[in-house]
Amino acid sequence: MSSEENKLEHIAIIMDGNGRWAKKRGLPRTMGHRKGAETVKEICKAAEKAGIKYLTLYAFSTENWKRSEEEVSALMDLLRQYLKSDLKEIQERGVCIRFIGERQMLAPDIIENMAKLEEETAKNDKMTLCVALSYGSRQEIVHAAQRLSEMVRRGDIAVDDIDEKLFSNMLYTQGIPDPDILIRTSGEQRISNYLLWQMAYTEFFFTDALWPDFNEKMLLEIIDSYKSRERRYGKIKAE
Ligand code: FPP
């Protein structure tokens, strides 16, 4: 047990298992995503209630573009609906909404609504909900390296000016503290190209629950268990 309680500002989640949830019930995979979208609403509310300042959800990875056209298009339609109704509701509760990822891959109407939501919620400070869409962490790191190289080429910075802080500022997550907790549902124990730079010292929690079955009680149990973990950040144990 650590003597001081661990700081907890940011929870990142890999919402996995929608497809299996649907399959178990003989339903199409898209029904799993639909139910998963309901869980997003519940968990967002629960995180706000628990005083979490940042919640980052992996909604669609760059690799997810390789799924069937039918599934990708169903996910995009769900996203369209989400942008219009559910995220609006979340916005009205004073939550700031941000998107991370390669948004140029998305349809123009989606990009437009994302930008609108970000703009309208920029000053909200109850919590920041960060949605990773068309997101891949390696791509994000490559993109940051390209931006820095360009700055050096232009003579705006010297190579020696590049440090961890400047590098972090080139990532999509600029200004967002690193996650304290990562949760992955559905029993898989991988990080799947998610926030690789940002999770250097994050505490990982894996649960067998499929994302549509994940709930507030499970979230609170993880938070409780996190509080008693000892975070050492590479240092030796304090006497
Ligand atoms: C992983 O389950 C889930 C996804 C790839 C999509 C996540 C999307 C949602 C939770 C709903 C939409 C949310 C928003 C914000 C629009 P999987 O399909 O990989 O499940 P499986 O591993 O059981 O096949």
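Numbering of ligands and ligand atoms starts at 1, following listing order.
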Using modelled atom types only, decide if a donor and an acceptor are shared between the side chain of Lys35 and the backbone of Trp211 within a distance under 3.5 Å.
no

Ignoring hydrogens and geometry, is there a side-chain-to-backbone donor-acceptor pair from Tyr135 to Thr62 under 3.5 Å?
no

Between [X] and [Y] (salt bridge meaning N to carboxylate O under 4.0 Å), is one present in this structure?
| X | Y | answer |
| --- | --- | --- |
| Lys49 | Glu216 | yes |
| Asp163 | Lys165 | no |
| Lys88 | Glu120 | yes |
| Glu221 | Lys217 | yes |

Which ligand 1 atoms does Arg20 reach within 4.0 Å, using its non-hydrogen atoms?
21 (P), 22 (O), 23 (O)

Which residue and heavy atom of the protein sit nearest [atom], plus the separation:
| atom | value |
| --- | --- |
| atom 12 (C) of ligand 1 | Leu78 CD2, 4.0 Å |
| atom 20 (O) of ligand 1 | Gly19 N, 3.0 Å |
| atom 1 (C) of ligand 1 | Met15 O, 3.1 Å |
| atom 4 (C) of ligand 1 | His33 CE1, 4.0 Å |
| atom 13 (C) of ligand 1 | Val40 CG2, 4.2 Å |

Is there a heavy atom of Gly17 sitting under 4.0 angstrom from any atom of ligand 1?
yes

Heavy-atom contact under 4.0 Å between Arg67 and ligand 1?
yes

Give the intermediate values and the outcome of side chain to side chain contact (heavy atoms under 4.5 Å, CB included) for residues Trp197 and Leu171.
CA-CA 9 Å; Trp197 169 280; Leu171 299 171; 3.3 Å; yes

Test of understanding: given a 4.0 Å heavy-atom threshold, classify the contact between Trp211 and ligand 1 as side chain, backbone, both, or neither.
side chain

Could you see which bit of Asn64 sits under 4.0 Å from ligand 1, with heavy atoms only: side chain, backbone, both or neither?
side chain

Ignoring angles and geometry beyond distance, decide whether Arg29 reaches within less than 3.5 Å of ligand 1 through its nitrogen or oxygen atoms.
yes

Compute both the distance and the angle, then confirm whether Arg103 meets the cation-pi test with Tyr172: under 6.0 Å from the six-membered ring centre, within 45 degrees of the axis.
no

Derivation of the side chain to side chain contact (heavy atoms under 4.5 Å, CB included) call for Asn215 and Met218:
CA-CA 5 Å; Asn215 58 32; Met218 296 175 194; 3.2 Å; yes

Heavy atoms only: which of [options] lies closest to [atom]?
| atom | options | value |
| --- | --- | --- |
| atom 15 (C) of ligand 1 | Trp21, Tyr82, Phe214 | Tyr82 |
| atom 10 (C) of ligand 1 | Asn18, Ile14, Leu133 | Asn18 |
| atom 8 (C) of ligand 1 | Pro212, Ser61, Ala59 | Ala59 |

